[in-house]
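The basis for the numbers below is simple: all heavy atoms, side chains too, and nothing from hydrogens, waters or symmetry mates. The chain is numbered in sequence order, starting from 1.
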Amino acid sequence: MELYIFDINILVLTRYKNPVMAFLPYEQLSYKSPLKIDDAIERLGDKIDPYPSLLNWKFGKLDQPFKGTMDGNEFVISKITSINMGIHPYFYGEIRENEAGSIIHIVIRPFIPIIVFSALFGGLVLLIGFLNDFILPRMLFPLGITLFIYTVLTASFKFQASFIKDDLMEIFEVKAV
């Protein structure tokens with residue numbers, strides 16, 4: 001069974017073969033850009049700072065809003081903010097040539113240690129709840145904490161990813177119809 005989700009803000013079709021993936025902090029996108037592959041790589045490379053400072057005191061629109069690396073036509077980037085937290089989504093992408101320009105394939109996911117820590121902490125809370133006599137009223141609190149962790153992680157991921165997707169659309173000259 002395939003689940004299709006259409007994000008009206010960016011007009012990109014996202015397909016999940018597994019319906020569970022739609023509820024995880026993970027996205028796959030494909031942009032069609034009129035830019036040639038060399039122009040797209042150059043424009044993205046101009047926006048990436050490979051060695052950002054630890055504390056960024058600049059506010060407003062940065063000349064290089066992303067930190068990360070580019071290796072040929074592949075890239076790994078994250079947004080530079082004034083507060084460096086590990087919860088920022090990471091964009092893993094590849095730029096391929098197309099007859100009308102280029103296609104950019106992107107996978108968005110949080111930093112892996114954040115997912116591992118959240119899963120371990122949520123699992124530990126649930127385990128403590130199960131070991132403390134499985135009675136429904138006593139299980140509501142650990143279950144609520146686990147759902148709260150999931151909600152905060154997923155909501156912050158989706159919120160931050162939406163801003164970065166807008167920046168990438170501007171860089172690659174992808175227009176919403």
*Asks:* To the nearest 0.5 Å, how far apart are CG in Leu44 and CZ in Phe66?
*Replies:*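 It comes to 7.0 Å.
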
*Asks:* State, to 0.1 Å, how close Ser102 and Ile104 come at their nearest heavy-atom pair, and which atoms those are.
*Replies:*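 Closest heavy-atom pair between Ser102 and Ile104: OG-CD1, 4.0 Å.
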
*Asks:* Tell me, please, which residues at least two apart from Asp39 pass side chain to side chain contact (heavy atoms under 4.5 Å, CB included).
*Replies:*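 So Asp39 forms a side chain to side chain contact (heavy atoms under 4.5 Å, CB included) with Leu35, Lys36.
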
*Asks:* Could you grab the distance from atom CD1 of Ile77 to atom CD1 of Ile48, nearest 0.5 Å is fine?
*Replies:*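 Reported to 0.5 Å precision, the distance equals 5.5 Å.
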
*Asks:* Let me confirm one number: the NZ-NZ distance from Lys165 to Lys158, rounded to the nearest 0.5 Å.
*Replies:*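 Answer rounded to 0.5 Å: 7.0 Å.
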
*Asks:* For residues Glu173 and Arg43, determine if any side-chain heavy atom of one lies less than 4.5 Å from a side-chain heavy atom of the other.
*Replies:*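 The answer is yes, as the side chains (C-beta and beyond) meet within the 4.5 Å cut-off.
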
*Asks:* Quick check on the hydrophobic clustering: are Phe91 and Met70 connected, directly or via other members, by side-chain heavy-atom contacts under 4.5 Å?
*Replies:*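 Same cluster.
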
*Asks:* Test of understanding: with side chain to side chain contact (heavy atoms under 4.5 Å, CB included), list the residues that count as partners of Ser78, not counting sequence neighbours.
*Replies:*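 Listed in chain order: Lys67, His88, Tyr90.
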
*Asks:* Which donor-acceptor pairs under 3.5 Å do side chains of residues 106-123 form with protein atoms, sequence neighbours excluded?
*Replies:*
{"unit_1": "Arg109", "atom_1": "NH2", "unit_2": "Tyr92", "atom_2": "OH", "d": "3.2"}
{"unit_1": "Ser118", "atom_1": "OG", "unit_2": "Ile114", "atom_2": "O", "d": "2.8"}

*Asks:* I need the minimum non-hydrogen distance between Phe172 and Pro34, along with the two atoms involved.
*Replies:*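 That would be O-CD, 3.9 Å.
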
*Asks:* Counting C-beta onward and ignoring hydrogens, is there a side-chain heavy-atom pair between His105 and Tyr31 closer than 4.5 Å?
*Replies:*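 No, side chains not in contact.
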
*Asks:* Same cluster or not: Val174 versus Ile37, using hydrophobic residues (I, L, V, M, F, W, Y) connected whenever any side-chain heavy atoms lie under 4.5 Å apart?
*Replies:*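 In one cluster: yes.
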
*Asks:* List for me each residue that meets side-chain hydrogen bond (donor to acceptor under 3.5 Å, both in side chains) alongside Glu94, sequence neighbours excluded, and say none if there are none.
*Replies:*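 Glu94 satisfies side-chain hydrogen bond (donor to acceptor under 3.5 Å, both in side chains) with Arg96 only.
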
*Asks:* Give me the other members of the hydrophobic cluster that Phe163 sits in, counting Ile, Leu, Val, Met, Phe, Trp and Tyr linked by side-chain heavy atoms under 4.5 Å, directly or via other members.
*Replies:*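 Besides Phe163, the cluster holds Phe159.
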
*Asks:* Just verifying a value: how many Å separate Met169 CE and Ile171 CD1, rounded to the nearest 0.5 Å?
*Replies:*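 That separation rounds to 12.0 Å.
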
*Asks:* If you define the side chain from C-beta out and look only at heavy atoms, does anything of Thr69 sit under 4.5 Å from Phe75?
*Replies:*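 The answer is no, as the side chains (C-beta and beyond) never meet within the 4.5 Å cut-off.
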
*Asks:* Using a strict threshold of under 4.0 Å (side-chain N to carboxylate O), is an ion pair present between Asp167 and Lys79?
*Replies:*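 Salt bridge present between Lys79 and Asp167.
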
